[in-house]
Amino acid sequence: MYHSKITGLGYYVPDNIVTNDDLSKIMDTNDEWIQERTGIQERRHIIRGEDTTTSMGVKAAKIAIERAKIDKDDIDFVIFATLSPDYYFPGPGVLVQRDLGLKTIGALDVRNQCSGFVYAISVADQFIKTGMYKNILVIGSELHSTGLDMTTRGRGVSVIFGDGAGAAILSREEDTTKGILSTHLHSEGQHAEELSLIAPGMGKRWVTDIIADNDPNDESYYPYMNGQFVFKNAVVRFSEVINEGLQANNLQVSDINLLVPHQANLRISQFIQQKFRLTDDQVYNNIQKYGNTTAASIPIALTEAWEKGKIKEGDLVVLAAFGSGFTWGSVIIRW
């Protein structure tokens with residue numbers, strides 16, 4: 001059996017910077033209020049017509065492929081994590097296959113929201129470990145800005161999210177002391193509606209229902225978040241799944257060189273950092289600049305950390321995420 005190893009990383013964010021002060025001009029909020037609750041100072045929003053979830057993913061993927069020093073024809077499989085696909089169907093995986101000009105390889109879409117990239121990495125890891133594939137392109141990309149309620153009514157959610165994409169190439173590694181050591185995935189659907197976007201959906205409310213009602217106060221097609229409840233669950237599950245990964249590999253917290261948490265809220269990351277007594281150099285956060293980019297947040301942060309020289313060969317890197325579903329997971333990597 002093989003291990004899988006991240007051999008290339010890339011990310012892309014739109015040029016359009018939206019500061020907290022910019023948001024204060026279109027809704028009743030301010031920089032102090034947003035930073036106090038989330039730690040976010042600014043985020044990126046696309047310019048309509050310039051980017052899509054797929055196009056951002058493609059831009060990040062091209063960088064990752066180049067850094068992996070492989071040809072696009074060496075890619076055996078595509079896994080695309082997002083909650084904001086270009087189309088209801090088909091998913092963006094096949095659009096990436098088309099737009100990158102890849103061979104007619106398989107393409108899989110992962111719908112696990114904030115945990116999407118961790119789930120996608122886990123799936124890719126299994127394919128490579130078993131010898132089925134040698135090189136897999138994994139993408140996390142999100143376009144939130146065009147689907148948010150950018151009014152005072154929606155400020156509790158809309159100030160948090162940003163647009164962007166990150167990508168990784170996972171390749172076969174014969175040295176089983178290196179690469180991805182283990183992945184750990186969990187879910188608790190009992191709380192599915194606590195962080196959700198209900199409509200349009202075939203289960204309760206489809207587009208025809210929205211059109212028929214023509215209700216200007218309808219909030220069913222905007223994301224809903226029970227913020228305090230999500231926060232309380234996140235800090236518990238983050239801790240559990242990080243410990244689970246360490247214990248599975250007979251490792252200690254002191255062995256962690258870098259923790260890259262999903263960028264949900266800076267206050268959550270700070271809580272986890274304090275709980276595990278990690279230094280600032282052992283935790284990488286960039287939500288201050290990009291907001292919460294859901295499935296894209298970990299690959300964007302991981303790529304930035306690598307670019308800044310914060311990850312070296314032999315380092316123990318931990319990825320951890322929690323989000324809608326609820327779903328959560330961790331990835332333990334020996335770089």
Side-chain angles (χ1 to χ4, degrees), residues 4 6-13 46 51-68 70-130 132-144 146-147 163-172 180 183 185 197 200-202 262 293-300 302-303 319 321 323-325 327 329 331:
S4 63
I6 295 175
T7 54
L9 289 165
Y11 81 95
Y12 169 82
V13 291
I46 67 151
D51 275 312
T52 66
T53 298
T54 298
S55 72
M56 290 190 292
V58 166
K59 290 171 183 177
K62 287 179 177 178
I63 298 169
I65 293 167
E66 181 181 353
R67 287 173 170 171
I70 63 172
D71 187 84
K72 65 180 183 179
D73 289 338
D74 296 324
I75 297 172
D76 304 311
F77 198 67
V78 176
I79 305 177
F80 199 121
T82 188
L83 62 72
S84 52
D86 297 12
Y87 311 136
Y88 196 83
F89 69 84
V94 297
L95 304 183
V96 165
Q97 180 273 331
R98 177 192 68 190
D99 293 350
L100 282 176
L102 304 179
K103 296 180 292 186
T104 55
I105 57 175
L108 175 70
D109 300 297
V110 173
R111 283 292 307 274
N112 284 79
Q113 295 70 247
C114 301
S115 304
F117 189 77
V118 165
Y119 267 72
I121 286 287
S122 181
V123 172
D125 180 47
Q126 309 313 311
F127 275 128
I128 290 176
K129 275 183 175 177
T130 58
M132 185 168 182
Y133 297 126
K134 188 175 180 180
N135 297 298
I136 297 179
L137 169 61
V138 182
I139 297 172
S141 181
E142 303 288 3
L143 197 170
H144 291 121
T146 58
D163 302 335
I169 297 292
L170 264 66
S171 301
R172 183 183 297 174
I180 294 177
T183 63
L185 307 177
L197 198 159
M202 298 298 187
H262 162 56
T293 54
T294 310
S297 82
I298 286 180
I300 291 174
L302 184 62
T303 304
L319 314 180
S324 172
T327 61
V331 181

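Because only heavy atoms are used, hydrogens play no part in the values below, and waters and symmetry mates are left out as well, while side chains stay in.
A donor-acceptor pair is defined here as one N or O able to donate and one able to accept, closer than 3.5 Å; such a pair exists between the side chain of Lys103 and the backbone of Asp73. Checked by atom type and distance alone, the side chain of Asp76 never pairs as donor or acceptor with a backbone atom of Ile136 at under 3.5 Å. At distances below 3.5 Å, at least one donor-acceptor pair connects side-chain atoms of Gln126 with backbone N or O atoms of Ser122. With Thr53 contributing its side chain and Ser84 its backbone, the two residues share a donor-acceptor pair below 3.5 Å. The closest donor-acceptor contact from the side chain of Ser297 to the backbone of Thr293 lies at 3.5 Å or more, if one exists at all. Put simply, the side chain of Asp163 gets close to the backbone of Ile46: a donor and an acceptor are under 3.5 Å apart.
Among Ile139, Leu143, Leu95, the single residue meeting the side chain to side chain contact (heavy atoms under 4.5 Å, CB included) criterion with Thr54 is Leu95.
The environment of Lys129 atom NZ is dense: over 12 non-hydrogen atoms of other residues, nucleotides or ligands sit within 6.0 angstrom. Applying the 6.0 Å contact sphere to CD of Glu66 captures no more than 12 heavy atoms from other residues, nucleotides or ligands.
Ala295 meets the side-chain contact (heavy atoms from CB on, under 4.5 Å) test with Ala81, Glu142; sequence neighbours excluded. Partners of Phe89 by ring pair (Phe, Tyr, Trp, His ring centres under 6.0 Å), not counting sequence neighbours: none found. Remark: Phe77 pairs with Phe127, Tyr133 by the ring pair (Phe, Tyr, Trp, His ring centres under 6.0 Å) rule, at least two apart or across chains.
If you take CG on Leu185 and OG on Ser115, they are separated by 8.5 Å, rounding to the nearest 0.5 Å. With rounding to the nearest 0.5 angstrom, the CG atom of Asp109 is 12.5 Å from the CG atom of Leu83. Atom CG in Leu102 sits 7.0 Å away from atom NZ in Lys72 (nearest 0.5 Å).
Scanning both residues, Val118 and Ala321, for their nearest heavy atoms gives CG2-CB, 3.9 Å.
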